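All values derive from a computational prediction rather than experimental measurement.
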Amino acid sequence: MLILFFSFKSCFSLSKKTENSDYYILTNQISKMNKMVVIEQNTSSMQKTKMGYEFLGKEMTSNSIITYTKTNAQVSYDLNKMKMEVDSINKKLIITELPDADIRITPSVEIQSMDDSFFNRISESDIKNVTQKAKNTAIKSIDQNKLRTEGREQLMENLNNIFVLAKALNYTIEDKTGKIGVLGL
């Protein structure tokens, strides 16, 4: 009887935990780009949000969420949109159009601590609200005008380095955009 019990138990043993994960690639797109990232800024911040209920002006229960936000901001230019003409007779490289800056701000929010109570539970909507506010605050903290100005200066410096070959071949670089002339190309 004892042998029958142990053999039956070994067949239905729950001692092994198994886990299966299936991953599916929904889209896969590779695009060739001619983009130049000229400025990248990384910032981080902590934010404490306190939530509670008041009764007759006095706080009855409260809880808090502490978030850590990392933000990456990039200024890039799509060089496929830059238009140039080459005048080989007069040895001129004529720039007719420069692309506009593309500013991309990507905040990432992590919850570092949650002070939750039995009577005043933190709901999923509270968490979403707090993380969205942290993202909005991070986006607002980036000075986009300063990034755009610094990005333009870095683009001009990079173009100056790129056009060194044209200068070596005694080509003059003519700016029809009115935006590059300050570097003396």
Side-chain angles (χ1 to χ4, degrees), residues 8-82 97-159 177 179:
F8 185 73
K9 183 181 174 191
S10 68
C11 291
F12 295 103
S13 176
L14 299 175
S15 63
K16 282 188 176 180
K17 181 180 178 183
T18 61
E19 182 176 310
N20 292 324
S21 298
D22 295 323
Y23 298 96
Y24 301 96
I25 296 176
L26 298 178
T27 60
N28 185 10
Q29 178 180 359
I30 298 173
S31 301
K32 293 183 180 181
M33 294 185 197
N34 196 8
K35 287 195 176 189
M36 178 188 296
V37 176
V38 293
I39 295 282
E40 184 172 74
Q41 176 183 356
N42 292 302
T43 61
S44 60
S45 63
M46 299 285 289
Q47 178 176 319
K48 181 177 182 179
T49 304
K50 188 175 179 182
M51 299 172 285
Y53 289 103
E54 291 183 2
F55 182 71
L56 298 174
K58 190 163 185 144
E59 185 177 282
M60 301 305 284
T61 63
S62 69
N63 46 27
S64 62
I65 299 176
I66 297 175
T67 56
Y68 175 68
T69 307
K70 295 185 282 186
T71 306
N72 176 271
Q74 289 183 342
V75 179
S76 63
Y77 290 90
D78 186 355
L79 296 182
N80 287 328
K81 295 179 181 176
M82 186 167 91
E97 189 174 329
L98 280 176
D100 291 326
D102 178 30
I103 297 178
R104 186 173 154 200
I105 302 172
T106 312
S108 169
V109 179
E110 298 173 6
I111 295 176
Q112 294 293 309
S113 172
M114 280 197 314
D115 180 22
D116 201 9
S117 68
F118 180 73
F119 295 108
N120 184 16
R121 303 297 302 186
I122 296 175
S123 69
E124 185 177 339
S125 66
D126 290 336
I127 293 171
K128 285 181 182 179
N129 187 29
V130 167
T131 55
Q132 188 60 48
K133 283 182 180 179
K135 286 179 182 181
N136 292 343
T137 301
I139 290 170
K140 288 178 186 175
S141 72
I142 302 294
D143 185 353
Q144 291 188 28
N145 290 328
K146 182 179 177 186
L147 271 180
R148 187 172 276 112
T149 301
E150 290 177 2
R152 177 63 73 174
E153 290 170 4
Q154 188 62 45
L155 173 68
M156 296 307 135
E157 190 176 314
N158 291 357
L159 288 177
T177 66
K179 298 175 182 177

Nearest heavy-atom pair of Thr177 and Leu98: which atoms, and what distance? CG2-N, 3.8 Å
Close side-chain approach of Thr67 and Thr49, heavy atoms under 4.5 Å: no
Report yes if the side chains of Ile105 and Gln144 come closer than 4.5 Å at any heavy-atom pair, otherwise no. yes
Closest approach of Tyr68 and Met46, non-hydrogen atoms and distance? CD1-SD, 3.3 Å
May I ask you to test the Asp102-Asp78 pair for a side-chain heavy-atom distance under 4.5 Å? no
Heavy atoms only: give me the nearest Pro99-Lys81 pair and the separation to one decimal. CB-CB, 3.9 Å
Pairs involving residues 128-143, ordered by first then second residue, that meet salt bridge (Lys or Arg N to Asp or Glu O under 4.0 Å) (sequence neighbours left out): Glu124-Lys128
Pair listing, salt bridge (Lys or Arg N to Asp or Glu O under 4.0 Å) test, anchored in residues 62-71, at least two apart: Lys70-Glu110
Determine the minimum heavy-atom distance between Ile142 and Ala73, stating which atoms define it. CG2-CB, 4.1 Å
Does Lys146 reach the side chain of Ile39, with side-chain heavy atoms less than 4.5 Å apart? no
Roughly how far apart are Ile103 CD1 and Leu147 CG, rounded to 0.5 Å? 5.5 Å
Using side-chain heavy atoms (C-beta onward) and a distance below 4.5 Å, is Val75 in contact with Gln154? no
Looking only at heavy atoms, which two atoms of Gln47 and Ala134 are closest? And how far apart? OE1-CA, 3.5 Å
Considering residues at least two apart in sequence or located in another chain, which fulfil the side chain to side chain contact (heavy atoms under 4.5 Å, CB included) criterion with Ala138? Thr69, Thr71, Pro107
What is the distance from atom CG of Asn145 to atom OG1 of Thr149, rounded to the nearest 0.5 Å? 6.5 Å
